[in-house]
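Notes to accompany the following structure.
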Amino acid sequence: MKKITSEMIGLAKKARSVEELITLAKEYELELTEEEAKKYFEQLHPNSGELSDDVLDKVAGGWCYDGGRPVITVGEQHSCYVCSQCGKTQAESFKSVFLYSHRCNNGNLSVNYCGDCKYIIYTKGKWLCNNPANRG
């Protein structure tokens with residue numbers, strides 16, 4: 001039997017399904033039955049079908065975290081908003097026809113979406129909130 005390396009184990013931990021685990025085994029010329037793959041997948045991903053209370057709380061709050069920073073989805077609005085154009089905070093903004101909006105120093109009306117916040121960054125295919133107050 002071929003020796004299993006720490007690199008192989010690391011890749012196996014990243015597998016998102018039993019099928020991916022079987023495909024990975026084939027790439028390394030290892031024989032793995034579906035039954036064995038299910039057993040190993042469950043060992044590598046305990047509770048893969050259930051979310052912890054901590055994760056549920058974060059999801060219910062509207063955010064999941066990546067590297068300690070909230071992952072932002074399109075159209076989100078949060079009270080920690082700081083305008084990327086003029087630096088006004090949510091508290092300094094005024095309410096108008098839009099739920100949360102303000103007039104930037106340049107005179108443009110801006111809706112306080114997270115995508116317009118000075119703290120949002122795009123990295124590794126995700127929009128993340130980089131506001132130190134929101135670190136998870």
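Both backbone and side-chain heavy atoms feed into the values below; hydrogens, waters and symmetry mates do not.
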Between Glu31 and Glu36, the two heavy atoms sitting closest are O-OE1, 4.2 Å

Euclidean distance, Thr33 OG1 relative to Lys38 NZ, rounded to 0.5 Å: 9.5 Å

For Lys39, the salt bridge (Lys or Arg N to Asp or Glu O under 4.0 Å) test, sequence neighbours excluded, returns none

Mind listing the closest non-hydrogen atom pair of Gly87 and Val82 along with its distance? O-CG1, 3.5 Å

Working to the nearest 0.5 Å, report the span between OH of Tyr119 and SG of Cys129. 8.5 Å

Evaluate the side-chain proximity of Glu20 to Leu24: yes if any heavy-atom separation is below 4.5 Å, no if none is. no

Looking only at heavy atoms, what is the nearest atom pair of Val18 and Ala37, with distance? CG1-CB, 3.6 Å

Hydrophobic cluster membership, with links at side-chain heavy-atom distances under 4.5 Å among I/L/V/M/F/W/Y: are Tyr40 and Ile22 in one? yes

How long is the span from the CD atom in Glu27 to the CG atom in Leu11, to the nearest 0.5 Å? 8.5 Å

Does one hydrophobic cluster hold both Leu32 and Phe41, with members joined at side-chain heavy-atom distances below 4.5 Å? yes

Can you sort out the partners of Asn130 under side-chain hydrogen bond (donor to acceptor under 3.5 Å, both in side chains), two or more places apart, ordered by chain and number? Arg69, Arg135

Can you tell me how far the CD1 atom of Ile72 sits from the CG atom of Asp66, to the nearest 0.5 Å? 11.5 Å

To the nearest 0.5 Å, atom OH of Tyr81 lies from atom CG of Asn131 at 13.0 Å

Side-chain contact, heavy-atom cut-off 4.5 Å: Leu128 with Val71? yes

Give the minimum heavy-atom separation between Leu21 and Ala15, together with the two atoms involved. N-CB, 4.0 Å

